[in-house]
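Quick notes on the structure that follows.
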Amino acid sequence: DALHDADVIAVLIDAADRKRSMVIPETILTNLENHTDLPSVLILNKIDVVKVKTRLLDIATVLVHDREKDEWGYKDEGGWSGFEHVFMVSARTGDGIDDLKKYFAVKAKPADWLFPTDTATDQNFEQIMHEIFREKILQLYEHEIPWQIRQVGC
């Protein structure tokens, strides 16, 4: 639903994920194909983690070519040839983020705000407290992620 109001489609790929960095999922490809009227960009994140930098070029090369389809569906590698630009960024170090922000600023179209200017979030107080609770638990357990946690009572 968000694509109906979008100015740009940004596809974010974890460049450090060796299993999934060479493929754009079918659901995302379908959305790209259904919204060819919108500009789209590919963002390779975590470039700071990738040791051999030429691998980033390999990933980008594969992902900017259409993912082939056969009678059983999409093949295991590939992406979308309609990307207007490829950005290589590191959210942790900030590398490439300024270029991405400039691109988004140029592509953004003037429109009315969806929320009042003094609105920080659309979550109610209880939802915010649940998220803070989950954050603190995840920080406490660091490497062990408790998937089944929930706050009971306040």
Could you walk me through whether Leu38 and Asp7 pass side-chain contact (heavy atoms from CB on, under 4.5 Å), step by step? CA-CA 6 Å; Leu38 293 174; Asp7 296 334; 5.8 Å; no
By side chain to side chain donor-acceptor pair (under 3.5 Å), which residues pair with Asp66, not counting sequence neighbours? Ser81
Please tell me whether Val23 and Val64 are part of a single hydrophobic cluster in this structure, the criterion being side-chain heavy atoms less than 4.5 Å apart. no
Lys53 and Ile47: which non-hydrogen atoms are nearest, and at how many Å? NZ-O, 2.6 Å
Hey, any chance Phe133 and Leu140 share a hydrophobic cluster, counting ILVMFWY side chains that come within less than 4.5 Å of each other, even indirectly? yes
Output the distance between atom CG (Leu42) and atom NE2 (His85), rounded to the nearest 0.5 Å. 10.0 Å
Side chains of Asn31 and Ile9: closer than 4.5 Å at any heavy-atom pair? no
Inter-residue atom distance His130.NE2 - Gln123.CD, 0.5 Å rounding: 10.5 Å
Minimum heavy-atom distance Leu44-Ala15, with the two atoms named: CB-CB, 4.3 Å
Show which residues join Val89 in its hydrophobic cluster (side-chain heavy-atom contacts under 4.5 Å, direct or indirect), or state none. Val8, Leu12, Val41, Ile43, Phe87, Ile97, Leu100, Tyr103, Phe104
Restricting to pairs with a member in residues 14-33, which pass ring-ring contact (aromatic ring centres under 6.0 Å, His included), not counting sequence neighbours? none
Run the salt bridge (Lys or Arg N to Asp or Glu O under 4.0 Å) test against Glu131 and tell me which residues pass, sequence neighbours left out. Arg134
Only counting residues at least two apart or in another chain, list the ones meeting side chain to side chain donor-acceptor pair (under 3.5 Å) with Gln139. Glu135
Closest non-hydrogen atom pair between Gly78 and Leu63, with its separation: O-CD2, 3.6 Å
With Leu57 via side chain to side chain contact (heavy atoms under 4.5 Å, CB included) - residues at least two apart: Met88
Partner residues of Thr30 under the side chain to side chain contact (heavy atoms under 4.5 Å, CB included) criterion, sequence neighbours left out: Glu26, Asn34
If you measure from CD1 on Ile13 to CG on Leu56, what distance do you get to the nearest 0.5 Å? 12.5 Å
Separation between CD (Glu126) and CG (Asn124), nearest 0.5 Å, reads 6.0 Å
Quick one: closest heavy-atom pair of Ala60 and Val86, and the distance? CB-CG1, 4.3 Å
Roughly how far, to the nearest 0.5 Å, is NE2 of His65 from CD1 of Ile24? 12.0 Å
Quick one: which residue pairs count as a side-chain hydrogen bond (donor to acceptor under 3.5 Å, both in side chains) with a foot in residues 104-119, not counting sequence neighbours? Glu84-Lys107
Separation of Ile137 CD1 from Ile132 CD1 (nearest 0.5 Å): 13.0 Å
Residue pairs passing the side-chain hydrogen bond (donor to acceptor under 3.5 Å, both in side chains) test with at least one member in residues 38-52, sequence neighbours excluded, are Asp14-Lys46, Ser40-Trp80, Asp48-Ser90, Asp48-Arg92
Partner set under side chain to side chain contact (heavy atoms under 4.5 Å, CB included) for Asp98, not counting sequence neighbours: Lys101
Mind checking side chain to side chain donor-acceptor pair (under 3.5 Å) for Asp58 and listing every partner two or more places apart, or none if nothing turns up? none
Which heavy atom of Val11 sits nearest a heavy atom of Phe83, and at what distance? CG2-CE2, 3.8 Å
Tell me, please, which residues at least two apart from Asp17 pass side chain to side chain donor-acceptor pair (under 3.5 Å). Arg20
